[in-house]
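What you see below is based on every heavy atom in this structure, not just the backbone, and it leaves out hydrogens, waters and symmetry mates.
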Amino acid sequence: MKRIFTPWRKDYMAGERSPGCFLCTAAAAPVAQWPELLVVHRDASRLIMLNKFPYTTGHILLAPIAHAATPAVADAAQAASFGRAQ
């Protein structure tokens, strides 16, 4: 497998992190903070965000609001919100 090296991300990766889960922070943020957190959409079951450093144009992140260890353990409602039948 070829490793993709992106030197412009080094400062970001080595920088300080906010405590806690960035997805939970974005999901709980008021709409006025969405642009700075790169949130595109949030509803009761999912969060859609832009990737801060995308590898390709249009790369987005979809995440369930409820935490789950893996996508395979998502309940039927969570799976349906992402367009996947269970």
ask   = Does a side-chain heavy-atom distance below 4.5 Å link Leu47 with Leu62?
value = no
ask   = Are Leu61 and Ile48 grouped together when hydrophobic residues (ILVMFWY) are joined by side-chain heavy atoms under 4.5 angstrom apart?
value = no
query = Between Leu23 and Trp34, is there a shared hydrophobic cluster once you connect ILVMFWY residues whose side-chain heavy atoms come closer than 4.5 Å?
reply = yes
query = How close do Arg42 and Ala27 get, heavy atom to heavy atom, and via which atoms?
reply = NE-O, 2.7 Å
key: Minimum heavy-atom distance between Val40 and Leu50, given as atom pair plus value   = CG2-CG, 3.7 Å
inquiry  = Which heavy atom of Leu37 sits nearest to which heavy atom of Ala29, and what is that distance?
reply    = CD1-CB, 3.4 Å
request  = Please confirm whether the backbone N or O of Ala63 pairs with a side-chain atom of Arg46, one donor and one acceptor, at under 3.5 Å?
outcome  = no
ask   = Do Leu38 and Val31 belong to the same hydrophobic cluster, where Ile, Leu, Val, Met, Phe, Trp and Tyr are linked whenever their side-chain heavy atoms lie under 4.5 Å apart, directly or via other members?
value = no
